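Let me begin by presenting the structure, written as structure tokens, before commenting on it.
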Amino acid sequence: MNGRVVSFTWGRGLGHVSRQIAVHRELRGLGRDSLLLTERPQRLIEDYGFAQTVLPTDADSLVGEPLHGTGPAVDHGLARAMVAWVLRPDDVVLHDVTVQRELYDQAARLGCPQFLVHRFQRNRPDPPHWVSRHTPAIGTIYLLGEPGPEETVHGVRVLGVPHVVRPLLDDRSPWPEDTRALRVAVVAGGGGHDDAPGFLTAALHGIRAFTRRRPASAGVDVLVLTGPHFDGAVLVPPGLPGPVRVRPYLGPSYDVYRHADAAITHAGYNTVQELVRSGLPVVAVPGVRDFDDQRVHLKAADSPNVVVADAAEHAIARALAEALNGPSGTRARPAATPAREADGAARIARDLVAATSRGSGAGAP
């Protein structure tokens, strides 16, 4: 079977989008075509050159435990018609954590092989049991960050794979070349999650408190990435010794972490994996999500370059001083310990192609 691979990316954040892009880039290198169905238009998908189709979705469009507060009901008949129009019998469906109902149902009717990429979720302590109960047509689960042998659990094929990290397209710096100040990136979680305004306010106040503890220096140059779905306000406190640049989105041609001296960020799965491998001094301020647990990601990463702090001004200031090797702060980036290899995207792509080529991967008819 050499079918196209179709995925749905839940658009409330960028985590699903980033992982799917990483996997689909590997699939493209193996000769597979791709189609990404999205809950909202995603610039990131466009920048990587993939086709996307926007589906009308809400909480009821997800299988299992739907999210709350995701907007009014939508016309599911239209969503079903759109999926029926684009999905072909020889397609392969790759879900990422969330399973979109219309896509899953139509794929099951057509007999398309279905796979699921899974990362830690509080509501799914037993992913094979969840799949066997809610989505029995899914034949394979890829467990991120748990490399191990293939096994069958509750009738579902389970394969542990390394973490997935989306590769960038270039390494341009978002800071001016002549910047001599301490370059600090402040990165909100979830592409602009509801708690982003509070986090950004605390982070900027924390940077100001940190600079007041330092001896005279060249100041700071702060880059704030709100996320493309952010709809709040960024309140810059007076007294910051340097510029604050606010951007909703930077494309994959920019490498923020490589060119920063420190970062303050939420602790989503994708962000943690990127930061651990950067060696950048990081202050992580874990956010609160419906089913996710940001502190679990940090604990699992076990990275010496990350200091965890609460979302309070002085806690962030202390953590930033610690991350920079002392209360005075330094420009030197500490030597990063070698991170565990993040080739999960390639592992998933190779397995999916092999499984569908030999006719396995589909779940119960």
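All values derive from a computational prediction rather than experimental measurement.
Between the side chains of His154 and Ser132, no donor N or O sits under 3.5 Å from an acceptor N or O.
The pair Arg88-Asp90 meets the salt-bridge criterion, with a side-chain N (NZ, NE, NH1 or NH2) lying under 4.0 Å from an Asp/Glu carboxylate O. Ion pairing between a basic and an acidic side chain is recognised when a charged N comes within 4.0 Å of a carboxylate O; Asp351 and Arg157 show such pairing. Here Arg109 does not pair with Asp105 in a salt bridge; the nearest charged N to carboxylate O distance is not below 4.0 Å. Looking at Arg245 and Asp221, a side-chain N of the basic residue comes within less than 4.0 Å of a carboxylate O on the acidic one, giving a salt bridge.
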Walk me through whether Ser7 and Arg19 qualify under side-chain hydrogen bond (donor to acceptor under 3.5 Å, both in side chains).
CA-CA 11 Å; Ser7 295; Arg19 283 192 298 276; over 6 Å; no
Mind running side-chain contact (heavy atoms from CB on, under 4.5 Å) on Asp171 and Tyr254 for me, showing each step along the way?
CA-CA 5 Å; Asp171 62 354; Tyr254 291 91; over 6 Å; no
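A distance of 10.0 Å separates CD1 of Ile264 from CG of Leu200, quoted to the nearest 0.5 Å. Rounding to the nearest 0.5 angstrom, the gap separating the CZ atom in Arg347 from the NE2 atom in His163 is 15.5 Å. Distance OG1/Thr9 to CG/Leu44: 9.5 Å, rounded to 0.5 Å. We find the CG-CD1 distance between Leu94 and Ile138 to be 9.5 Å, quoted to the nearest 0.5 Å. Distance CD/Glu26 to CG/Asp343: 8.5 Å, rounded to 0.5 Å. To the nearest 0.5 Å, atoms CG (Leu116) and CG (Asp96) are separated by 8.0 Å.
Only one option out of Leu37, Leu55, Leu87 pairs with Met82 in a side-chain contact (heavy atoms from CB on, under 4.5 Å); it is Leu55.
Arg183 places a side-chain N or O within 3.5 Å of a backbone atom of His259 that can act as its donor or acceptor partner. Although no hydrogens or angles enter the test, the distance criterion places no donor-acceptor pair under 3.5 Å between the side chain of Arg247 and the main chain of Val224. Judged by distance alone, the side chain of Tyr104 and the main-chain N or O of Gln114 form no donor-acceptor pair under 3.5 Å. Distance alone, capped at 3.5 Å, places no donor-acceptor pair between the Thr179 side chain and the Ala181 backbone. One N or O on the side chain of Ser278 and one on the backbone of Leu280 form a donor-acceptor pair closer than 3.5 Å. With hydrogens and angles ignored, the 3.5 Å screen pairs a side-chain donor or acceptor of Asp58 with a backbone N or O of Asp60. Distance alone, capped at 3.5 Å, places no donor-acceptor pair between the Gln42 side chain and the Ile45 backbone. Side-chain atoms of Thr201 do not come within 3.5 Å of backbone N or O of Gly198 as any donor-acceptor pair.
When all heavy atoms are compared, the tightest approach of Arg258 to Asp255 is N-OD1, 3.1 Å. The minimum heavy-atom distance linking Ile21 with Arg166 is given by the pair CG2-CD, 4.0 Å. The two residues Ala309 and Ala319 come nearest to each other via the heavy atoms CB-CB, 3.7 Å. Taking every heavy atom of both residues into account, Ala323 and Pro281 meet most closely at O-CB, 3.3 Å. The two residues Ala203 and Val186 make their nearest non-hydrogen contact at CB-CG1, 3.7 Å. The heavy-atom pair separating Val97 from His118 by the smallest distance is CG2-CA, 4.4 Å.
The 12-atom threshold is exceeded at CZ of Phe50, counting heavy atoms of other residues, nucleotides or ligands nearer than 6.0 Å.
A centroid separation of 6.0 Å or more is found between the aromatic rings of His95 and Phe115.
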